[in-house]
Amino acid sequence: MDIQPKASHFIQGTYVEDNNGTPIDVIYPATGEVMGRVYSATPEIIEQAIVSAKSAQVAWAKLSGGERGRILRRAADIIRERNYDLSVLETYDTGKPLSETLCADATSAADALEYFGGLAGSITGEHIPLGDGNWAYTRREALGLCVGIGAWNYPTQIACWKAAPALACGNAMIFKPSETTPLCALKIAEILLEAGLPAGLYNVVQGSGDVGAALVCDPRIDKVSLTGSVPTGRKVYAAAAAGMKQVTMELGGKSPLIIFDDADLENCVSGAILANFYSTGQICSNGTRVFVQKGIKDAFLNRLCERLDSAIIGDPQDEATNFGPMVSERQLALVLGFIKKGKAEGARLVTGGNRIAGGGFYLQPTIFAEVTDDMSIARDEIFGPVMSVLDFEDEADVIARANATEFGLAAGVFTTDFSRAHRVTDRLQAGTCFINSYNDAPVEVPFGGMKMSGIGRENSKEAILHYSHVKSVFVRMGKMESPF
Ligand code: NDP
């Protein structure tokens, strides 16, 4: 497959190049080979994107929601028809195995476009009777021009989780993918255009943090939606605040997964595997602090290691592979640094811990046991295939420990006692909780974090609130009264 895009940026319905920008190599994580090249957006490219989106948005917002929605639903259909090719591209961009990308990336993007396309016609206000025949009504209006900034782990999904609600509400979007994964958003732009989206409403510009920062600071931008780390979130939120812009911040996590000793063993082992090793552990909501109650700990670790032996690590384009490389040499080095710290701080390395020889950025799935709350592998987001297993005995104690973190993205509980499951989730400080499950993210359900893990919600009807504002219109039916 030729993965080199026609040009770096997609503006006003067409590919645009400006090779005065800094070159960005597209590296295939499975081999480390350079597969293509794009150029970072220059100030001229950023200007073109803003001018184009700004002017396209006016007419778009005037269409009925139903008309906008039809285009989004058509794009969803095209994405589903091309799922295979889009999944292959996602695998080249990220290194995630095709067995995953075939069912978790373009499909999730299509779900978002279909869902928000369906919802577009019912984005309405309300009628508020006020007595004396007076009344008011509210309107949900588009914000204007939204900027989406993506992380590298789910480039297709992130592009659409932001674009779908933004466009449904009548906004335009400029999307900046992570410089590590520049390819997939360009395909989404092509497909949206093919589905009938007017030129300029979804522009893609490439570049690193400086391009993102230039967009966020531009006074013509009305909203910023970032998926990224907490340190980046702090900077972007501060820059947006200076212009009083709306934000959605989908940031990092260090989520707890609590396994009580009455849990179904096979189920909780599956949950822990999914919560730590899917996408080679590069998922923000992963349950990386696995608290295991004493009575089940040995059985849990034994079964976990048995199940890990059946991981198929290899060529991510081979559909049999279920564990691929990390996204980049840099990310691999970061994770190896955490593994070194884990060993130095006295955690027991149960399995893994090493880079896998050969080309590409492969790391063994890694499990540490006897991890304590103060260790860096229990405190910091690692964003790689490293599971930390912590012991606990008492319910109240584990809840306090689970909450003792600056993050609040997700949390999971495995138990067969449903009273306990609800009692515990009631007290967990997390935007999304899972009971006997982990990492489900259907578009119908709000997704986002508490505490340092973010602001606002993606997906579901909630996202509409974050891509529109409400205008109140007061209507007096009788005569106006005034003091003099
Ligand atoms: P980063 O925070 O490094 O980058 C995120 C995006 O922000 C990138 O496109 C980056 O550009 C851009 N960026 C960096 N600095 C600035 C700036 N000053 N102004 C504007 N944009 C900027 O995250 P990663 O890409 O490394 O992704 C991993 C992180 O994302 C993890 O912490 C993970 O938890 C989080 N994440 C959160 C999710 C959620 O939904 N809550 C989902 C997925 C990931 P570039 O990298 O190209 O330089």
Side-chain angles (χ1 to χ4, degrees), residues 1-16 52-53 56-57 59-60 63-94 96 98-121 146 148 150 154-175 177 181-205 317 319 441-444 458-459 463 467:
M1 185 187 208
D2 181 15
I3 66 159
Q4 173 65 39
K6 286 182 200 140
S8 303
H9 320 287
F10 197 93
I11 299 172
Q12 192 58 24
T14 187
Y15 276 98
V16 179
S52 140
Q57 191 265 330
W60 178 245
L63 294 182
S64 72
E67 286 170 300
R68 291 197 295 268
R70 210 171 298 137
I71 293 170
L72 302 188
R73 293 201 312 277
R74 211 175 292 139
D77 291 343
I78 299 173
I79 289 176
R80 288 221 172 83
E81 280 159 24
R82 296 188 198 153
N83 184 41
Y84 187 81
D85 286 352
L86 292 168
S87 304
V88 169
L89 188 71
E90 172 96 18
T91 292
Y92 276 121
D93 223 4
T94 61
K96 290 184 295 180
L98 191 58
S99 58
E100 279 188 21
T101 55
L102 280 170
C103 59
D105 293 279
T107 52
S108 163
D111 286 352
L113 288 160
E114 190 172 65
Y115 177 84
F116 288 105
L119 216 57
C146 306
Y154 277 76
T156 305
Q157 183 192 80
I158 293 172
C160 289
W161 278 22
K162 298 187 187 310
L167 294 170
C169 291
N171 302 287
M173 173 159 276
I174 300 176
F175 186 75
T181 53
L183 304 176
C184 298
L186 291 169
K187 283 286 163 210
I188 296 301
E190 276 182 35
I191 289 171
L192 283 166
L193 186 78
E194 185 181 336
L197 189 75
L201 284 167
Y202 186 73
N203 295 332
V204 177
V205 299
Q317 297 288 357
E319 273 186 61
V443 66
E444 297 86 351
E458 295 199 299
N459 289 342
Y467 282 99

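Fair warning: this is a prediction, and the values are worked out from it, not measured in the lab.
- The heavy-atom pair separating E319 from S99 by the smallest distance is O-CB, 3.4 Å.
- Counting all heavy atoms, side chain and backbone alike, A106 lies closest to T156 at CA-CG2, 4.0 Å.
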Next on the checklist: Under the criterion side chain to side chain contact (heavy atoms under 4.5 Å, CB included), I'd like the reasoning laid out for Y154 against T181: C-alpha separation, chi angles, the key distance, then a yes or no.
Outcome noted: CA-CA 9 Å; Y154 277 76; T181 53; over 6 Å; no
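- Between D111 and R80 there is a side-chain heavy-atom pair separated by less than 4.5 Å.
- Between the OG1 atom of T91 and the CD atom of Q317 there is a distance of 5.0 Å, given to the nearest 0.5 Å.
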Item to check | Step-by-step side chain to side chain contact (heavy atoms under 4.5 Å, CB included) determination, N459 to Y115 | outcome: CA-CA 9 Å; N459 289 342; Y115 177 84; over 6 Å; no
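- Using bins of under 30°, 30° to 60° and over 60° for the plane-to-plane angle, the ring pair F175/Y202 lands in the parallel bin.
- Considering CH2 of W161 and CG of L113, their distance stands at 12.5 Å, rounded to 0.5 Å.
- A pairwise comparison of heavy atoms in T107 and L102 identifies CG2-O, 3.6 Å as the closest pair.
- The minimum heavy-atom distance between A164 and A112, with the atom names listed, is CB-O, 3.5 Å.
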Checklist entry - Yes or no on side chain to side chain contact (heavy atoms under 4.5 Å, CB included) for L86 and E81, after CA distance, side-chain angles and deciding distance? => result CA-CA 10 Å; L86 292 168; E81 280 159 24; over 6 Å; no
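- With W60 contributing its side chain and L167 its backbone, the two residues share a donor-acceptor pair below 3.5 Å.
- Closest of all the heavy-atom pairs between A195 and A75 is CB-N, 3.5 Å.
- Summarising the geometry, atom CG belonging to L98 is positioned 10.0 Å from atom OH belonging to Y92; distances are rounded to the nearest 0.5 Å.
- Taking each heavy atom of I79 and C160 in turn, the nearest pair found is CD1-SG, 4.5 Å.
- Of the possible polar contacts, none joining the N171 side chain to the C146 backbone as a donor-acceptor pair under 3.5 Å is found.
- Within the model, atoms CD1 of I71 and CG of L192 stand 9.5 Å from one another, a figure rounded to the nearest 0.5 Å.
- Within the 4.5 Å cutoff, the side chain of D93 has heavy atoms near those of the P182 side chain.
- Put simply, the side chain of Q57 gets close to the backbone of G170: a donor and an acceptor are under 3.5 Å apart.
- Distance CG/L197 to CZ/R68: 11.0 Å, rounded to 0.5 Å.
- No side-chain donor from either of T101 and D105 sits under 3.5 Å from a side-chain acceptor of the other.
- With respect to E190 and R82, no salt bridge is recorded, no charged nitrogen being found less than 4.0 Å from a carboxylate O.
- The CG atom of L183 lies 10.0 Å from the OG1 atom of T94; values are rounded to the nearest 0.5 Å.
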